[in-house]
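Report on the structure given below.
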Amino acid sequence: MTNLKNYSWLALALGTSLLASPGSAATTPHMPDFGGYWGRNSTDFEPPLSGPGPVTNKGKSFYARFGDDTNPILKPEAAARIREASKATVEGVNFPTPSNQCTPWTPPYMWRALMVQVLQQKDQITITTVGDQQVRRVRLNAAHPKTVTPTWSGDSVGHYEGDTLVIDTVGVKYGTNSMIDNYGTPYSEGLHVVERIRLVDAETARKAAERSEALNGRIEVIAGGASIDPEARKGLRIEFTVEDPKYFTTPWSAAVTFRPALGVVEERVCAENMHDYNSGADVPVPRADKPDF
Amino acid sequence: MPRARSAPLAGCLVILASSAAALAAFAQGPAVPDLSGTWARMTFGLEPPSSGPGPIANLTRTREGRSDGNQLVGDYNDPILKPAAAAEVKRQGEISKTGTAFQDPANQCAPQGPPWILRQQEIRLMQERDQVTILYMLDGHVRRIRLNSTHPANVKPSWTGDSIGRYEGDTLVVDTIGMKVGPVTMSDNFGSPQSEAMHVVERYRVIDYADAKAAFDANEKDFGRVDTANGNGVFIDFDYRGKGLQLEFIVDDPNVFTAKWGAKVTYLKAGGIWSEQVCAENTREYYDDIDTKIPAAERPDF
């Protein structure tokens, strides 16, 4: 809790001092280079080594999603929502998610992406996910508006702290399919996410990726997982903290670790993919008996 | 298949790659023009090219002589159109004359590719060593342009196509082929069709404020401002007197057009915060000024 509040204060303070001279923080000498495409072979969040962590998968596989409803971060209503989602998995179908319903991916759910791109400019960071072209924009050295209109990406402001990009996000819209993770964990519009993005060495990245794949199963390249550059010398690690008093008993943390990806980036349009990876069949598309108008 | 990043270029730029400060130098250095930023305009209309055949015009004009954005009846007699394309433009125009919008990629929330996507009012252009990324505001479309690369021998068609780019002096030149053709794919605001042979070459450069503003004003005179003031999610910093961005593009599709044609699009610096606009959430029919009906089944399908 304390940490999160510190970040908010810092973002606000930086915004206030730098807004008068936009572009003055155009290039910090220590700005790390996050360029290129980053991939991984898991859609799950890595739990922290200690402290409150994300809901994990009791199913231990990407294709069997049973969120651990006993995680102490969950308030009763949140745990109930996870149990409800797990029921669908028991029945052998996917419960609706932003991914399979082609609805916008919100932070931190968007970090389930198998491939991302981080574009750094003097006044803005742009994060795109390769699946369905989701785009997030982070205003650098700015403050959140006093009144934020909720949007799917939320209002994100960022700044560099040495080699780390810190992003503070509020104002994330909540819709029918919205969730925090792959297990139906809910959030409210009181959600506050702080992400810390930095480069790590290749060995650290490899170990983190392998730990994540061991916990939740590996998504092979043929199934849409990224093709990782074996000669890569670095990784991209995103550690984030989630705070939402409506659904969580405490702020909690998680991470995702990407490595440089190989290959041409393919255009993936969500609505064009009818495949249900849970059942292995194509999803039926609603059909009307007669036209409505 | 080529890698997303160009190996030869990466070799040339290995020194630049070593630090982010160098990256900034890349963006501002004399060899590469700085085109980065958020750029906007207030119409969906295309401007005449520098020379040669231009885009087809709207036969329906307002009393002030402007293109009537609520009745898109393309000039199907334009010699640029092959007979089948002319018939298609005429057919779409007949629908438009009834007061109903014909289906297009924007109102059907379908993926947009070039040249159609070049109509969009607000873009963010981002330059990196080996790639240029262009974001389009409506529906968050993303185009990725590999720099100093080549098209694959066999391009797998995609909605945005395969785009490669290079700098020629002060100009970014983008060459795109391999655009997929779907049920609502079209190459302009009037429903001119396109085939998978479509080839588009775009040239982006910054121009002086006076030239940009003159082109911007002329375009608004021809098409009318889509909103009466800053609005529609598009914001322009009208107090800014710096450079504008101008795109000039050439469209070549021998299955549809009798010759290549070109057009310009001129942007001023955008202001405000980029709006999140999710197409499927907007059910407004701007023709009728009503919300469109959503299909509803009497019983669930499954």
Side-chain angles (χ1 to χ4, degrees), chain A residues 26-37 102-104 117 119-124 126 128-130 132-137 139 142 145 149-155 160 163 173 175 229 260-269 271-272 283-293, chain B residues 1-5 17-25 27-28 36-38 109-111 113 124 126-131 133 135-136 139-144 146 149 152 156-162 180 182 273-278 280-281 292-302:
Chain A
T27 50
T28 130
H30 303 296
M31 190 174 81
D33 182 0
F34 299 144
Y37 289 103
C102 304
T103 52
Q117 177 190 23
L119 293 145
Q120 295 164 279
Q121 293 191 291
K122 56 181 182 290
D123 56 346
Q124 177 174 288
T126 305
T128 74
T129 64
V130 173
D132 209 28
Q133 318 247 52
Q134 307 275 335
V135 180
R136 271 182 74 193
R137 297 170 190 85
R139 302 190 315 285
T149 304
T151 57
W152 299 113
S153 303
D155 188 75
Y160 288 98
D163 62 354
K173 194 150 93 174
D229 182 352
L262 292 172
V264 167
V265 175
E266 289 192 0
E267 180 183 88
R268 294 182 194 167
V269 179
E272 295 181 324
V283 168
V285 175
R287 292 176 199 287
D289 297 330
K290 58 179 192 297
D292 285 273
F293 39 85
Chain B
M1 297 280 269
R3 289 165 53 151
R5 282 157 290 163
S18 61
S19 75
L23 186 67
Q28 295 160 1
S36 292
T38 309
C109 301
R124 184 165 179 100
M126 294 176 285
Q127 296 166 277
E128 292 182 297
R129 297 188 281 284
D130 52 0
Q131 175 171 277
T133 304
L135 306 181
Y136 296 83
D139 215 24
H141 282 84
V142 182
R143 284 179 68 202
R144 298 184 170 88
R146 300 189 310 283
S149 181
K156 181 180 166 189
S158 61
W159 298 113
T160 49
D162 188 74
K180 195 152 62 171
I273 292 177
W274 180 286
S275 308
E276 183 182 84
Q277 299 199 1
V278 179
E281 293 181 327
T292 202
K293 288 178 278 187
I294 304 290
E298 288 163 13
R299 58 176 191 279
D301 286 275
F302 39 82

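Just so you know, these numbers use all the heavy atoms, side chains as well, and skip hydrogens, waters and symmetry mates.
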**Item:** Closest contact, heavy atoms only, B/Met126 versus A/Leu119
**Value:** CE-CD1, 3.5 Å

**Asked** Looking at CZ of A/Arg137 and CZ of B/Arg124, how far apart are the two atoms once the value is rounded to the nearest 0.5 Å?
**Response** 8.5 Å

**Prompt:** Could you give the distance from CD (B/Gln127) to CD (A/Gln121), rounded to the nearest 0.5 Å?
**Reply:** 8.0 Å

**Asked** Can you list the steps and then say if B/Thr133 with A/Thr126 is a side chain to side chain contact (heavy atoms under 4.5 Å, CB included)?
**Response** CA-CA 10 Å; B/Thr133 304; A/Thr126 305; over 6 Å; no

**Region of A/Thr149 that comes under 4.5 Å of a non-hydrogen atom in chain B** = neither

**Item:** A/Gln117 and B/Glu128: CA distance, side-chain angles, deciding distance, side chain to side chain contact (heavy atoms under 4.5 Å, CB included) verdict
**Value:** CA-CA 12 Å; A/Gln117 177 190 23; B/Glu128 292 182 297; 4.0 Å; yes

**Prompt:** Would B/Arg144 and A/Thr128 satisfy side chain to side chain contact (heavy atoms under 4.5 Å, CB included), going step by step from the backbone distance to the final call?
**Reply:** CA-CA 11 Å; B/Arg144 298 184 170 88; A/Thr128 74; 2.9 Å; yes

**Message:** Applying side chain to side chain contact (heavy atoms under 4.5 Å, CB included) to A/Asp33 and B/Arg129, what does each step give before you reach the verdict?
**Reply:** CA-CA 11 Å; A/Asp33 182 0; B/Arg129 297 188 281 284; 3.2 Å; yes

